[in-house]
Amino acid sequence: MRVNEAARMIGVGRTKLYELVASGEIEAIKLGKSTRITIASLQKLVMRQREPE
């Protein structure tokens with residue numbers, strides 16, 4: 001999915017989403033000049049956040 005859609009879905013801004021990609025917490029795929037975020041990586045992020053510490 002597109003970066004804007006992914007950021008809106010998890011409630012963060014584009015900058016924060018790119019930080020999560022850079023840190024390896026979210027998987028991104030480059031298609032030409034476009035960056036796409038995998039839905040599976042968003043789901044994993046949400047599940048990690050829901051786990052009790």
Side-chain angles (χ1 to χ4, degrees):
M1 83 175 25
R2 292 185 171 152
V3 172
N4 287 340
E5 295 168 339
R8 195 170 36 250
M9 180 180 280
I10 62 171
V12 299
R14 286 172 38 100
T15 303
K16 180 62 177 178
L17 186 68
Y18 280 115
E19 288 175 9
L20 292 169
V21 169
S23 70
E25 291 191 55
I26 293 180
E27 181 183 2
I29 299 170
K30 290 291 281 186
L31 298 172
K33 293 183 180 181
S34 300
T35 301
R36 297 291 187 253
I37 307 299
T38 65
I39 294 172
S41 68
L42 291 177
Q43 291 171 335
K44 289 177 186 174
L45 175 71
V46 170
M47 293 307 292
R48 283 194 306 269
Q49 296 300 317
R50 293 180 71 183
E51 291 177 356
E53 294 181 17

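Basis for what follows: all heavy atoms, side chains included, without hydrogens, waters or symmetry-related copies. If you're wondering where the values come from, they're calculated on a predicted model, not measured in any experiment.
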- Query: What distance separates Q49 CD from I10 CD1, expressed to the nearest 0.5 Å?
  - Reply: 9.0 Å

- Task: Measure the spacing between OG1 of T38 and CD of Q43 and express it to the nearest 0.5 Å.
- Result: 9.0 Å

- Query: Taking everything shown except M1 itself, do over 12 heavy atoms lie less than 6.0 Å from its CE?
  - Reply: yes

- Say you draw a straight line from CZ of R2 to CZ of R8; how long is it, rounded to the nearest 0.5 Å? 10.5 Å

- Query: Quick one: are E19 and E25 in side-chain contact, heavy atoms under 4.5 Å?
  - Reply: no

- Message: Could you measure the distance from the CD atom of E27 to the CZ atom of R36? Nearest 0.5 Å is fine.
- Response: 14.5 Å

- Query: Within the side chain of S41, is there an N or O that forms a donor-acceptor pair under 3.5 Å with the backbone of I26?
  - Reply: no

- Query: Counting heavy atoms not belonging to R48, are there more than 12 under 6.0 Å from its CZ?
  - Reply: yes

- Query: Roughly how far apart are I37 CD1 and L17 CG, rounded to 0.5 Å?
  - Reply: 4.5 Å

